[in-house]
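Report on the following structure.
Basis for what follows: all heavy atoms, side chains included, without hydrogens, waters or symmetry-related copies. So that the names make sense, note that chain A is the first sequence line, chain B the second, and so on, each numbered from 1. Being a predicted model, the structure only gives us computed values, none of them experimental.
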Amino acid sequence: MNAISLRNLDISYGDTLVVEGLSLDIAEGECFGLVGESGSGKSTVLRAITGLAPDWEGEISLFGQARGKRIDRTFAALCQMVFQDPYGSLHPRQTVDATLSEPLTIHGIGGADKRVPEMMEACGLDPKFRFRLPHQLSGGQRQRVAIARALMLKPKILLLDEPTSALDVSVQAEILNLLKRLRREQGLTYILVTHDLPVVSFLCDRLAVMRQGRIVEVATVDALKSNTMTDPYSRELVEKSTTRLSA
Amino acid sequence: MSEPLLDVQNLRVRFPTATGPVEVVRGVSFSLGRERLGIVGESGSGKSMTGRSILRLIRAPGVVTADRLRFESKDLLSISEREMRKVRGARISMVMQDPKFSLNPVMTVGEQIGEALAVHEKLPRKQIRQRVLDMLEAVQIRDPERVFRLYPHEVSGGMGQRVMIAMMLIPAPSILIADEPTSALDVSVQGEVLKIIDELITQNGMGLIFISHDLHLVSAFCDRILVMYRGEVVEECRASELDKATHPYTRGLLASVPRLDETREELPVLDRSQWETA
């Protein structure tokens, strides 16, 4: 069974149609990359899946369960999102402990006292940071908190929206290793939105190239590595990424 | 290289904290001719502080000292603030990271670029307008007349950064400091913006200090590279010889970047304890 299945998805913000006729199937345990320029609609797809962009037509289903347009707790427990900017996505006046316990409180799950330090450990955060505020953490540590928060409900699917583009290269390597390890240990399914093709090459199994709200090509990562993608636009992106400035 | 444009010897920047003064730039020395110099390092390595201290943009309680900070026979640390204002913007200018936060939101693009010129030169308004339009064209904005009248929120990130470059280059400075000029931009736009900077720099025979955390970007774009770590320059090399870098920190940084044809199961992570005490 597919972990994520999107059928003829149209997403709009007001009168503007941002994503048009998108269909995708992502298998359980797969890591799927969505790439494209800014404005191509790749983040919007993730927002629609989590319910942050409620103005959509078509079908979104996870593990065969169709998603409605309302807030849905069982859905939230299944699928969580990590945002781009760890400086903006954490509440500045909540400690790490409060941030990580909140999903448990909302879902009426107890045992926060045990589960918070466990999850911090799993995400490579020293439990001594438990009562710190976001401004007392580095960018990499904050992104670890955001990942830990997304995993608190033990979801099966993680939606990653440019999880490393606000970080330094050396910290990016740590976060990418963490994501790879978590996926292996917990059997997660990822959708990774990024404009950085080498990151896709490191983490993903397959990728889709988006342009102006449509998918122009779905390919395996092997095709990306060997530069055998077929669509001219995908080739152009690969080209730009390899010879970013020798122009 | 003839007489250097900028000569920096033993530059230090210090900030007082509750636990005593912290030195964020610790004895940086370099000289810049008509070339492209890259400064690379992680956040917190002091690379931006180095750039800012050249323009005396570090406010109290921060303290800047140097054995020498010389630009065109002027000692930048001893001249008056009034004197400094003639240098800043006109002779040495700086492109900041994010156009969203660095442009004035309540002035049109044209007015802002014009202001940069009017502050340093007395020119009739018509002439200023013409110079601005020419400059917008030079940064490859297709419809300068239209963009002239737009406000910063009405232009895209890439265009905003071009506007900023136009603003910084219109007084024809001899040094441009670019602090992460493309990291807020898309990969596809990055190339274009860099190309514009490159062309204008070469045309006008300027010196460029390019500050970035992206080693590969810097090595492809600059002539010479300084690698900074914890406020010090740990390595200096020609950009073309970056892969022969010897310092473990530089090597670590290079190895941690994923490649397009990635086959490594895990990326190497910097082990800071190795040279922490050095």
Side-chain angles (χ1 to χ4, degrees), chain A residues 35-40 42 84-85 87 124 138-140 162 164-181 184 194-204 207 209 211 221-229 233 236-247, chain B residues 36 40-45 47 97-98 156-158 180 182-199 210 212-222 229 239 249-272:
Chain A
V35 301
E37 301 176 36
S38 45
S40 60
K42 52 194 195 310
Q84 174 174 10
D85 185 1
Y87 298 87
S138 72
E162 308 246 14
T164 59
S165 64
L167 306 173
D168 270 359
V169 281
S170 48
V171 183
Q172 163 171 296
E174 293 172 21
I175 297 291
L176 291 178
N177 286 340
L178 171 69
L179 288 170
K180 202 164 197 171
R181 176 169 62 81
R184 197 173 51 227
T194 182
H195 61 249
D196 195 345
L197 291 174
V199 169
V200 172
S201 162
F202 175 68
L203 208 58
C204 296
L207 75 156
V209 179
R211 184 187 203 184
V221 161
D222 289 331
L224 170 69
K225 287 178 184 169
S226 55
N227 198 7
T228 49
M229 301 224 281
Y233 179 71
E236 193 186 319
L237 272 189
V238 175
E239 186 83 2
K240 272 180 181 162
S241 165
T242 45
T243 60
R244 193 147 42 151
L245 3 116
S246 37
Chain B
R36 295 166 295 186
V40 211
E42 295 174 89
S43 41
S45 61
K47 54 191 194 309
Q97 180 168 5
D98 197 336
S156 67
E180 305 257 6
T182 57
S183 44
L185 306 178
D186 249 10
V187 188
S188 46
V189 198
Q190 269 182 11
E192 287 168 36
V193 168
L194 289 171
K195 207 168 144 200
I196 292 168
I197 295 183
D198 189 39
E199 272 168 15
F210 188 90
S212 171
H213 68 260
D214 190 336
L215 269 172
H216 290 288
L217 186 90
V218 170
S219 70
F221 187 62
C222 295
Y229 178 64
Y249 176 70
T250 319
R251 299 217 59 87
L253 272 188
L254 279 172
S256 66
V257 185
R259 284 187 294 259
L260 195 56
D261 53 350
E262 192 55 69
T263 49
R264 292 173 291 183
E265 192 47 40
E266 196 164 312
L267 294 169
V269 172
L270 286 177
D271 177 12
R272 291 183 172 75

- Query: Which heavy-atom pair separates B:E265 from A:R184 by the least distance, and what is that distance?
  - Reply: OE2-NH1, 4.2 Å

- Query: Judged by atom type as modelled, is there a donor-acceptor pair below 3.5 Å linking the side chain of A:N177 to the main-chain atoms of B:L267?
  - Reply: yes

- A:L167 versus chain B, heavy atoms under 4.5 Å apart: side chain, backbone, both or neither? backbone

- Please flag which part of A:L197 lies under 4.5 Å from any non-hydrogen atom of chain B: side chain, backbone, both or neither. both

- Look at B:L260, B:V257, B:L215, B:D261 and state which one has the largest set of heavy-atom pairs under 4.5 Å with chain A. B:L260

- Considering all heavy atoms, the nearest A:S201-B:R259 contact: OG-O, 3.4 Å

- Residue pair B:S256 / A:S170: nearest heavy atoms and the distance that separates them: OG-CA, 3.8 Å

